[in-house]
Amino acid sequence: LFLAKVKKTSQCAVDMGGWTIESLWAQGVEESWLVRVPVVGSLPFHLVVFIAWSLMIVQVFYSLGMSIPCGIVHRDGSQLTQDEKKTVKFCYEIGELGELRKVFPGGDISEAGYAVPLAKRQTHGGALQSLADAGRMMTVTNLHPGYLRGIFGEKCSGQAYAGNLHVELKRAVGKFAVFRLFEASVQPVIQTTTLGLAWGTARLHGEQGELDKQTVLSIGISLLSAIAVFAMDASAVWNLYGLVQKLGKLQVQKEDVLKSKFQGHRAGSKYRKETANASPMFMSALSWEVLDYHETGREVKLRPGAVEIVDGFPMAPIEPTGHIQFQHYGLVEQNLDGEELPVTMGETMNTRSEMQKAKVTLAFFIMLLAFAVLLVAYAAIKLYMITKVCDYGIWNLSGCVDMEDMQS
């Protein structure tokens, strides 16, 4: 409706001197820095409004792109193998926080999620959050940071990695661009510009003209709302960044301790599975492909290779093939003549790399936030200049546009 009204004014008041919102916009652009910008300087005002409002449609595509399932994946985002697709059937168990988890038969928690068009892996909670953002479900969105702290906090650090949190950090920055920059920052600028153009058009037609008080109030509320949501988003992003670094440091420290703990093991030594639950045997130290499950009492023998500390788990090579999570096994018989297995570091979650990338993500967010704040500040200054200073309601960075000689 707003766009239609703006477009309609280009056809009105021609007999009264020809001044319309469109022609006044063109005059204002001629006296501003926008005239030097290719294409932008020649755009009619109704098209500028259309582009600004079109940016909000991105919110719908973002939410759908983050919630429409495209297939089940592992917790690292990798696709299921063909055999898994044919045979896997999910069972359920209650997690530490009371949540319902899907698990593979044998007890190997997959933290099953699904691929979505805009992400390798999504969960039901994440999909709900994306839809809640688009639906302005403030109760859900305000509780989201607390939900993340519960899921990825120290109590669950055994299943959380810096990479998991960095994914959430990038999503938070993406949502800021889609929901704050494209809406909360741009729309007040469009509103104040329209307010000034409408008032200026009336003045140029010789009318006294009055500013629309409801529109002024609406713009004021929009500016205050923008400041509030910017503060909330900045706090959420900073907390997520801090959690990435905190979990990353804990993970690195844990890996360093494990590296010292698992020195001195030799090839040919025999070990027995001691823990109660079945443990998976993986294709390799860096693979999520499960070859078998070992029950309590199962004996294995180490083969030459390296004990790799992968994402906080010591992965040991066994005969004839495969890798086990070494912390679940106890020594039965030491082969003193066997080759000593070196301890190396291997990652699938790239903890150290994710910690560094999180710094880049934070820097990018700061730039977006600064730009958004500048837009809101510009809208606030423009509102003041229109209502208090400029006689014809036309203001840009060059100052009030002088329309005295053009009044009809």
Residue pairs involving residues 356-376 (criterion ring-ring contact (aromatic ring centres under 6.0 Å, His included); sequence neighbours excluded):
Phe176-Phe365

At their closest point, which heavy atom of Ser67 faces which heavy atom of Leu131, and how far apart are they?
OG-CD2, 3.7 Å

Closest heavy-atom pair, Phe61 versus Leu118, reported as atoms and distance to 0.1 Å, is O-CD1, 4.2 Å

Counting only N and O atoms by type, is there a donor-acceptor contact under 3.5 Å from the side chain of Ser218 to the main-chain atoms of Gln214?
no

For Arg298, what residues pass the salt bridge (charged side-chain N to carboxylate O under 4.0 Å, His left out) criterion, not counting sequence neighbours?
Asp292

If the plane angle is over 60° it's perpendicular, under 30° parallel, otherwise tilted; pick one for His294 and Tyr329.
perpendicular

Short side-chain to backbone donor-acceptor contact, Ser269 and His265, under 3.5 Å:
no

Is the distance between the ring centroids of Tyr241 and His166 under 6.0 Å?
no

Atom CG of Leu223 and atom OG1 of Thr192: how far apart are they, to the nearest 0.5 Å?
8.0 Å

Interatomic distance, Ile51 atom CD1 to Leu43 atom CG [nearest 0.5 angstrom]
5.5 Å

Heavy-atom check, side chain of Leu195 versus side chain of Leu383, under 4.5 Å
yes

Does Ser130 offer a backbone N or O that forms a donor-acceptor pair with the side chain of Ser63 under 3.5 Å?
yes

Here's a test for you: under side-chain contact (heavy atoms from CB on, under 4.5 Å), which of Ile324, Leu302, Val332 qualifies with Tyr271?
Leu302

Heavy-atom check, side chain of Val244 versus side chain of Glu354, under 4.5 Å
no

Decide side chain to side chain contact (heavy atoms under 4.5 Å, CB included) for Ile394 and Leu24; before the verdict, give the C-alpha distance in whole Å, the side-chain angles of both, and the deciding distance to 0.1 Å.
CA-CA 8 Å; Ile394 313 299; Leu24 199 56; 3.5 Å; yes

Between Gln245 and Met355, is any pair of side-chain heavy atoms under 4.5 Å apart?
yes

Nearest heavy-atom pair of Pro188 and Ser185: which atoms, and what distance?
CD-O, 3.5 Å

So does Arg352 get a backbone contact from the side chain of Gln356, meaning a donor-acceptor N/O pair under 3.5 Å?
no

Is the side chain of Ser235 donor-acceptor paired with the backbone N or O of Met232 at a distance under 3.5 Å, no angle test?
no

Are the side chains of Gln59 and Phe179 in touch, meaning some heavy atoms are under 4.5 Å apart?
yes

Interatomic distance, Lys301 atom NZ to Glu319 atom CD [nearest 0.5 angstrom]
5.5 Å

How long is the gap from CZ on Phe230 to CZ on Arg180, to the nearest 0.5 Å?
8.0 Å

Any chance you could lay out the side chain to side chain contact (heavy atoms under 4.5 Å, CB included) test for Asp233 and Leu369, step after step, and finish with the verdict?
CA-CA 9 Å; Asp233 288 356; Leu369 179 61; over 6 Å; no

Do Leu165 and Leu243 come within less than 4.5 Å of each other through their side chains, counting heavy atoms only?
yes

Applying salt bridge (charged side-chain N to carboxylate O under 4.0 Å, His left out), can you list everything that pairs with Glu340, at least two apart in sequence or on another chain?
Arg266

Between Leu258 and Phe262, does a side chain to side chain contact (heavy atoms under 4.5 Å, CB included) hold up when you go through it step by step?
CA-CA 6 Å; Leu258 289 174; Phe262 287 92; 3.6 Å; yes

Is a donor on one side and an acceptor on the other found under 3.5 Å between the side chain of Arg303 and the backbone of Ile318?
yes

Close side-chain approach of Val310 to Leu286, heavy-atom, < 4.5 Å
yes

Between Ser225 and Ile221 (side chain of the first, backbone of the second, donor and acceptor by atom type, cut-off under 3.5 Å), is there such a pair?
no

Whether Thr296 side chain and Glu274 backbone form a donor-acceptor pair below 3.5 Å:
no

When you compare the side chain of Gln187 with that of Ser222, does any pair of heavy atoms fall below 4.5 Å?
no

Is the closest side-chain heavy-atom distance between Thr387 and Trp199 below 4.5 Å?
no

Roughly how far, to the nearest 0.5 Å, is CG of Leu128 from CG of Asp133?
9.5 Å

Just by modelled atom types, is the Leu362 backbone N or O under 3.5 Å from a matching donor or acceptor in the Trp238 side chain?
no

Between Phe313 and Phe326, is the ring centroid distance below 6.0 Å?
no

Looking only at side-chain N and O atoms, does Lys273 offer a donor or acceptor that is under 3.5 Å from a partner on Thr275?
yes

If I compare all heavy atoms of Val307 with all of Ala316, which pair ends up nearest, and what's the gap?
CG2-CB, 4.4 Å

Rounded to the nearest 0.5 Å, what's the gap from CG on Asn277 to CD on Glu295? Could you check?
9.0 Å

Can you name the closest pair of heavy atoms from Pro304 and Pro317 and give their distance?
O-CG, 4.3 Å

Mind listing the closest non-hydrogen atom pair of Val376 and Ala226 along with its distance?
CG2-CB, 4.0 Å

Applying side chain to side chain contact (heavy atoms under 4.5 Å, CB included) to Lys213 and Leu217, what does each step give before you reach the verdict?
CA-CA 6 Å; Lys213 294 180 181 179; Leu217 178 62; over 6 Å; no

Going by the angle between their ring planes, with limits at 30° and 60°, are Tyr378 and Trp395 parallel, tilted or perpendicular?
tilted

